[in-house]
Protein chains: 2
Amino acid sequence: MRENLTHAIEDYLKIIFELTLEQPRASTNAIAERMGVAPASVTGMLKRLAANEPPLLEYRKHHGVELTPAGRQVALEIIRHHRLLELFLHETLGYGWDEVHGEADRLEHVISEEMEERIAQRLGEPQVDPHGQPIPTRELILPPHSTLSLDQLQSGQSARVERVEDDDADLLRYLYSVGLVPRAELTVLERSCFDDNLSLQVGAHVVVLGPRVTRQIYVEVL
Amino acid sequence: MRENLTHAIEDYLKIIFELTLEQPRASTNAIAERMGVAPASVTGMLKRLAANEPPLLEYRKHHGVELTPAGRQVALEIIRHHRLLELFLHETLGYGWDEVHGEADRLEHVISEEMEERIAQRLGEPQVDPHGQPIPTRELILPPHSTLSLDQLQSGQSARVERVEDDDADLLRYLYSVGLVPRAELTVLERSCFDDNLSLQVGAHVVVLGPRVTRQIYVEVL
DNA sequence: AAGAAAATTTAGGGTTAACTAAATTATATT
DNA sequence: AATATAATTTAGTTAACCCTAAATTTTCTT
Ligand SMILES: [Mn+2]
Ligand SMILES: [Mn+2]
Ligand SMILES: [Mn+2]
Ligand SMILES: [Mn+2]
């Protein structure tokens, strides 16, 4: 299913999958920004992926793309690799949760299905990675997960942290230092309407976080 | 030291290093064969590597190449990655000695120095890989190792297996089945002059091996 | 020392995946 | 509805890395 595909293609599909969890289609510019390439480069790649046999995405000029089932499968395969690797590096080599992402981002493209399988077994078929992100099953089904980000909470609400975005090492170190890790419980003390800052009670601490941060933390309301 | 270098370059340097353990220079055709590419492709790459700043090898038209100290360093770095990874896969994920090579051959190019270091620590600064091949030190010094291959032994000589080539999975499975693994002891019962076959006593077994096999096993005479 | 064989290089081409600059299309504002 | 702005695509390049076919150079054989 994945023999011909280059690392670049795998990264495009993974990023498009993540973008289309939020909106129905992913735009050229949004893809370009996450990929760190010029928009013109994205256009070229999207045409190739749409022309692939089988097509990996559906491309409508000036209107962005949506993955086909085939494209979604490849994306989930890579996401499974990524998250299993993150957990493996954390558990087996003692990597911190702020260090695993970069390494996994390169390894995800080169490990075999055999290695994926051995890691999953060794870790006891885990369901979440070190950031609380759900690991797609062997059958490539993405377990249910919260899509409610912290910045959508109102004053007075209590919630439990389910997962956080994994790609900003500095942010991860900060979150760890204030106890905002998966399973941590918190209460919104105050919401400032002007700048959308939240004052949070986290254990004994009180923390004030801006929306750039709170958008990256997903919670379940208690 | 290795930031700009592509995976292809790393593979060329590794293979040239291995070829020049035997002879003083590596020929275009020998490199092409081990790389699995056309000789014309090798010529192009050798020019690039010789023109690199710093030069990674010295290239004399029609006379093959020799690595520079810079090229040798890169090769040893990759070989260290490869052998540490083989042992790590074997020890941590239960891979067989016939399964580790292919996986390590891809991973060797993408792991960070951080990961190299964590693996080495986790394994207790090991000196040899699952095939008995010496692992270059952190300072990129290749430990001393036997260059006497089994096919050079005479009738009546006894020896201990030090290491075997790692790239033929079928051969490795066969060698395992007859007990020809690192540290195994053997005696040459007979040497057939016509075809260079060796009859070996290995434990309770008697095994007859042709030179294509005995050339890939390196020993210390007892 | 020629001629044959083997090894190597040159020439020309293809794919992947990026780039910049210019042109085009869509969307938002007035 | 026209215009301005933003998003996107097209066109033209570049670099890495491979290929085949043809030409050249070296080495081997007689
Ligand atoms: Mn990646
Ligand atoms: Mn993660
Ligand atoms: Mn390799
Ligand atoms: Mn080995």
Side-chain angles (χ1 to χ4, degrees), chain A residues 2-16 19-20 22-53 55-66 71 74-75 78 105-106 108-110, chain B residues 2-16 19-20 22-53 55-66 71 74-75 78 105-106 108-110:
Chain A
R2 193 168 69 86
E3 294 86 45
N4 304 326
L5 308 180
T6 65
H7 299 183
I9 288 176
E10 292 177 348
D11 276 340
Y12 273 98
L13 294 173
K14 187 176 72 161
I15 279 166
I16 293 165
L19 287 170
T20 49
E22 317 261 319
Q23 288 124 6
R25 303 184 75 84
S27 75
T28 301
N29 270 14
I31 298 166
E33 184 175 341
R34 297 271 176 110
M35 282 290 295
V37 303
S41 308
V42 173
T43 302
M45 181 60 96
L46 296 182
K47 284 180 177 174
R48 268 181 62 207
L49 298 182
N52 192 72
E53 193 46 54
L56 297 168
L57 48 79
E58 187 238 355
Y59 169 55
R60 294 218 315 269
K61 263 190 195 176
H62 296 279
H63 293 278
V65 294
E66 189 183 347
V74 175
I78 300 301
D105 231 11
R106 280 172 283 113
E108 64 190 5
H109 307 289
V110 303
Chain B
R2 193 168 69 86
E3 293 87 45
N4 303 327
L5 307 180
T6 64
H7 299 184
I9 288 175
E10 291 176 349
D11 276 339
Y12 274 96
L13 294 174
K14 187 176 69 160
I15 279 166
I16 293 165
L19 287 169
T20 49
E22 318 262 321
Q23 288 124 6
R25 302 183 76 85
S27 75
T28 301
N29 270 15
I31 298 166
E33 185 177 339
R34 297 271 177 109
M35 281 291 295
V37 303
S41 306
V42 174
T43 302
M45 181 60 96
L46 296 182
K47 285 180 177 175
R48 267 180 63 206
L49 299 182
N52 191 72
E53 194 47 57
L56 297 168
L57 48 79
E58 186 239 356
Y59 169 55
R60 294 220 315 271
K61 263 190 195 176
H62 297 278
H63 292 278
V65 295
E66 190 183 346
V74 175
I78 301 301
D105 231 11
R106 281 172 282 112
E108 64 191 6
H109 307 288
V110 302

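As the structure is a computational prediction, the values presented were derived from the model and not from experiment. Proteins come first, then strands; the chains are lettered A, B, ... in the order of their sequence lines, and each starts at number 1.
B/His7 has its NE2 atom 13 Å from the P atom of C/dA17, to the nearest Å. If you measure from atom CD1 of A/Ile31 to atom C1' of D/dA7, you get 13 Å, rounded to the nearest angstrom. Going from atom CD1 of A/Ile9 over to atom P of C/dT16 covers 8 Å, rounded to whole Å. In this entry the distance linking CZ of A/Arg25 with P of C/dA26 reads 14 Å, nearest Å. The NE2 atom of A/His63 sits 10 Å away from the C1' atom of D/dT8 (whole-angstrom rounding). Note: CG (B/Leu19) to C1' (C/dA7) measures 15 Å, nearest angstrom. Distance B/Asn52 CG to D/dC17 P: 11 Å, rounded to the nearest Å. If you measure from atom CD of B/Glu33 to atom P of C/dA7, you get 10 Å, rounded to the nearest angstrom.
One finds a side-chain N or O of A/Tyr59 lying less than 4.0 angstrom from the OP1 or OP2 phosphate oxygen of D/dT9. Side-chain nitrogen and oxygen atoms of B/Lys47 include at least one within less than 4.0 Å of the OP1 or OP2 phosphate oxygen of C/dT10. Close to C/dT10, at under 4.0 Å from its OP1 or OP2, lies a side-chain N or O of B/Lys61. For the OP1/OP2 pair of C/dA7 and a distance below 4.0 Å, the side-chain nitrogens and oxygens of B/Ser27 include no atom meeting the criterion. Considering only side-chain N and O atoms, B/Asn29 lies nowhere under 4.0 angstrom from the phosphate OP1 or OP2 of C/dA6. Regarding contacts with the backbone of D/dC17, a side-chain N or O of B/Arg48 is found under 4.0 angstrom from either OP1 or OP2. Taking only side-chain nitrogens and oxygens, A/Thr28 comes nearer than 4.0 Å to OP1 or OP2 of D/dT9.
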Run the side-chain contact (heavy atoms from CB on, under 4.5 Å) test on A/Asp11 and A/Glu108 for me, step by step, so that the C-alpha distance in whole Å, both residues' side-chain angles and the decisive distance to 0.1 Å come before the verdict. CA-CA 10 Å; A/Asp11 276 340; A/Glu108 64 190 5; 3.4 Å; yes
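Taking the side chain to side chain contact (heavy atoms under 4.5 Å, CB included) definition, one finds that B/Glu33 meets it with nothing, sequence neighbours left out. Evaluation of the salt bridge (Lys or Arg N to Asp or Glu O under 4.0 Å) rule for B/Arg25 yields B/Glu58, B/Glu66 as partners, not counting sequence neighbours. Judged as a side chain to side chain contact (heavy atoms under 4.5 Å, CB included), and not counting sequence neighbours, the contacts of B/Ala26 are B/Ile16, B/Leu19, B/Thr20, B/Ile31, B/Val65. Evaluation of the side chain to side chain contact (heavy atoms under 4.5 Å, CB included) rule for B/Lys61 yields B/Tyr59 as partners, not counting sequence neighbours. Under the rule for a side chain to side chain contact (heavy atoms under 4.5 Å, CB included), B/Ala40 has no partner lying at least two apart in sequence or in another chain.
Inter-residue side-chain proximity for A/His109 and A/Thr6 is flagged as unmet; no heavy-atom pair is nearer than 4.5 Å.
Smallest separation of non-hydrogen atoms from A/Glu10 and A/Leu5: OE2-O, 4.2 Å. Contact detail for B/Thr28 and B/Pro39: the closest heavy-atom pair is CG2-O, 3.6 Å. Minimum heavy-atom separation, A/Ala32 to A/Ala38: CB-C, 4.1 Å. Taking every heavy atom of both residues into account, A/Met45 and A/Ala8 meet most closely at CE-CB, 4.1 Å.
Counting only residues at least two apart or in different chains, salt bridge (charged side-chain N to carboxylate O under 4.0 Å, His left out) contacts with residues 37-53 of chain A are absent.
Side-chain proximity of B/Thr43 to the nucleotides C/dT10, D/dT27, D/dT8 is greatest for C/dT10.
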Identify the pairs formed between an N or O of the protein and an N or O of nucleotides 23-25 of chain D at a distance under 3.5 Å, and give each distance.
none

Distances under 3.5 Å between protein N/O atoms and the N/O atoms of nucleotides 18-22 of chain C, please, pair by pair.
from   : atom 1 : to      : atom 2 : distance (Å)
C/dA18 : OP2    : A/Tyr12 : OH     : 3.4
C/dC19 : OP2    : A/Ala38 : N      : 2.8
C/dC19 : OP2    : A/Ser41 : OG     : 2.5

Applying the Watson-Crick and G-U criteria (both distances under 3.5 angstrom) with [ ] for crossing and | for other-strand pairs, one obtains for DNA chain D ||||||||||||||||||||||||||||||
